[in-house]
Amino acid sequence: MPVTYKKIASVTVGAGGAATMDFNSIPGTYTDLKLIISAKTNAASISDFTKIRFNGVSTSYSNRNVYGQSGSPFSSTNTEILASCNGNNSTASTFGNSEYYLPNYTGNTNKSVSVDSVSETNGTNDTYAWLAAGLWSNTAAITSISLSPFNGTSFNQYSTATLYGISKS
Amino acid sequence: MPATYENIATTTLGSSQANIDFTNIPGTFTDLVVIATLKRAAAGALDANIRVGNNSFDTGSNYSTTLLYGTGSAAGSTRFANQTSILADYYGSVNDTNEHIAIYQFMNYSNTTTNKTVIIRANRASSGVDAIVGLWRSTSAINQIRITLDLGGAQLMASGSTITLYGIKAA
Amino acid sequence: MIGNILGGAMGKLVVAGDFDSIATTTVGAGGTGTVTFSGISSVYQHLQLRIMAKTNRTAGSQGDVINMTFNSDTASNYSYHQLQGDGAGTGASGSATQTKIQLERTGDATADRFGVIIVDILDYKDTNKAKTTRQLGGFDNNGGGQIALMSGRWGKTPLEAISSITLTPVVGTLFTVNSHFALYGIKG
């Protein structure tokens, strides 16, 4: 019986933090994946980014983005697929808000990703409103996802990530 | 509790084709969410375009678009008024790879009292990223949607291009 | 699978998933100055607010803006940031120690023309976290308008679960007829 929008799994970081937030053995029964993240890292900055790994593979990632901090927006490229999140120097108890959308994650083509993300702090500068087009140049079906900080070494306690499956039939 | 987020229809092209159409869209939802993974059947990049209508596609100059883009080296914004379609991407365009993905959200598509607005996120990592708002200046309900790479029909979408339509129903 | 099996579109059977409609407000004739969602259930992990709205701000003003507050808190416990394009140029800005989060952009008094905004509020009931919002919204006016990605933060202490959301126009005094506000819950 089809369920269109279904939670697959969730992760909450406990006391002491965690180097990664992982989703393993992702079922191949959905069409698309949606990953929602509320994260803060131990990076000594107001903002950081989450970095994504599919199937434990560390190569062949890229993204092209547009982002705003204060003043004029910018655009850049990276050799990772990044979503903005909070760093440890942001306002206390404040976490980022981001979403990765992965269509056709079981298909035999390269994997494209749509990223909408923000970090936030009670200040006027150094947050990121960040939109990105991501690519994993690998034709394997995605069976696992691992998130890690881009600049920091661990996610802070209370960071969460929830993985949803979206089914077209 | 009724199903709130429901798949309506999906089309995956088995051969190259000019348009992907959804017709007879039920008016029972509040918003439509369209997930598009498009590939061009020829080399080079083109922008996808959207036409909508009520029992027929509106081909008049009744569409407009405002957008924000990133190229990887520059951020910018532009707009197009009095167009014959909504521009569904700009730098996040469609080429002959499998990289283009887009999410279109048609808000309150079935009412007969407001002009119709769509929010779009379009992406191609080798080219650019877009956030777009599009307007159809009609108060008619939308019951059909066309996505095309060429309003004249000459440029085709490749086999494997897929568009899936979902409905969201408010209480 | 055990679940609610319901008749869906075109007669096919669907099972209710993890994206639920909580409440909806459609503005009637005469308009309203405030839209409030109260008594928000704590059974979900995230909230999504989907808005199609216009205000009675003077037509041709390129739209209006919404103030959003939580749990009737109107103290300086908020901040927000913005990335936007208006068709002619781009901008980014931040506002700290505010009495509200701002959402952009609604329509103005231009006939039939509404703006749309999608707001995602994650971990809304977690009392270990301030509440961070992410919103993507836009208004096109056939030669004018704006598209924006915005963030917001509510950090009242002690930290609270969100139980109510209040929305008011910034420049106009009313949300006008047919404005539509829909709140959804996402299970986690």
Side-chain angles (χ1 to χ4, degrees), chain A residues 1-7 30-34 60-69 71-82 99-117 129-139 164-169, chain B residues 3-12 29 33-39 67-77 89-94 97-105 119-132 158-169:
Chain A
M1 197 69 63
V3 179
T4 301
Y5 194 119
K6 189 66 181 172
K7 172 195 166 183
Y30 298 97
T31 307
D32 305 334
L33 297 176
K34 184 172 182 177
S60 305
Y61 298 92
S62 61
N63 93 13
R64 198 166 297 256
N65 55 68
V66 61
Y67 64 95
Q69 293 187 277
S72 297
F74 302 94
S75 181
S76 66
T77 60
N78 305 94
T79 55
E80 298 285 358
I81 302 174
L82 300 176
E99 172 182 317
Y100 289 87
Y101 196 94
L102 295 84
N104 195 31
Y105 71 103
T106 65
N108 59 1
T109 59
N110 292 338
K111 304 303 180 290
S112 293
V113 186
S114 182
V115 180
D116 289 17
S117 60
W130 173 282
L131 301 172
L135 180 69
W136 184 42
S137 297
N138 190 306
T139 59
Y164 297 89
I166 313 292
S167 293
K168 68 179 180 182
S169 63
Chain B
T4 298
Y5 200 111
E6 190 175 327
N7 63 77
I8 299 174
T10 189
T11 295
T12 298
F29 299 96
V33 180
V34 177
I35 308 297
T37 56
L38 303 178
K39 179 180 178 180
L67 63 95
L68 168 71
Y69 63 82
T71 68
S73 56
S77 181
D89 55 68
Y90 196 56
Y91 280 94
S93 53
V94 182
T97 68
N98 288 295
E99 294 179 13
H100 171 86
I101 59 172
I103 304 170
Y104 317 146
Q105 308 214 37
I119 287 276
I120 299 171
R121 282 279 291 107
N123 307 273
R124 182 158 62 90
S126 59
S127 173
V129 57
D130 309 309
I132 298 170
S159 171
S161 296
T162 300
I163 298 183
T164 303
L165 183 65
Y166 299 92
I168 297 177
K169 184 170 180 59

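Each chain gets a letter, A, B and so on, in the order the sequences are listed, and its residues count up from 1. Note that these values count all heavy atoms, side chains included, but never hydrogens, waters or copies made by symmetry.
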Could you tell me which portion of A:Asp32 (side chain, backbone, both or neither) has an atom closer than 4.5 angstrom to a non-hydrogen atom of chain B?
-> side chain
Counting only heavy atoms closer than 4.5 Å, note whether B:Tyr91 contacts chain A via side chain, backbone, both or neither.
-> neither
Select one option (side chain, backbone, both, neither) describing which atoms of B:Ser73 are under 4.5 Å from chain A's heavy atoms.
-> backbone
Which one, A:Ser137, A:Ser62, A:Ser114, leads in non-hydrogen pairs under 4.5 Å with chain B?
-> A:Ser114
Side chain, backbone, both or neither: which part of B:Ile103 has a non-hydrogen atom closer than 4.5 Å to chain A?
-> side chain
State, without any angle test, whether A:Asn65 and A:Asn78 hold a side-chain donor-acceptor pair at a distance under 3.5 Å.
-> yes
Which of the residues B:Thr164, B:Thr37, B:Thr71 is involved in the greatest number of heavy-atom pairs with chain A at under 4.5 angstrom?
-> B:Thr71
Please name all residues satisfying salt bridge (charged side-chain N to carboxylate O under 4.0 Å, His left out) with B:Arg121, sequence neighbours left out, ordered by chain then number.
-> A:Asp116
Nearest non-hydrogen partners of B:Tyr90 and B:Leu67, listed with the distance = CD2-CD1, 3.6 Å
Heavy-atom distance under 4.5 Å to chain B: side chain of A:Pro73, backbone, both or neither?
-> both
Select, from A:Ser72, A:Ala132, A:Gly134, the one with the greatest count of heavy-atom pairs under 4.5 Å involving chain B.
-> A:Ala132
So what's closer than 4.5 Å to chain A heavy atoms on B:Thr97: side chain, backbone, both or neither?
-> neither
Contact part of B:Thr12 toward chain A, heavy-atom cut-off under 4.5 Å: side chain, backbone, both or neither?
-> side chain
So CG of A:Asn63 and OG of B:Ser126: to nearest 0.5 Å the spacing works out to 12.0 Å
So which part of A:Asn104 gets closer than 4.5 Å to some heavy atom of chain B, the side chain, the backbone, both or neither?
-> neither
Sequence-distant partners of A:Gln69, side chain to side chain contact (heavy atoms under 4.5 Å, CB included), two or more places apart = A:Tyr67, A:Asp126, A:Tyr128
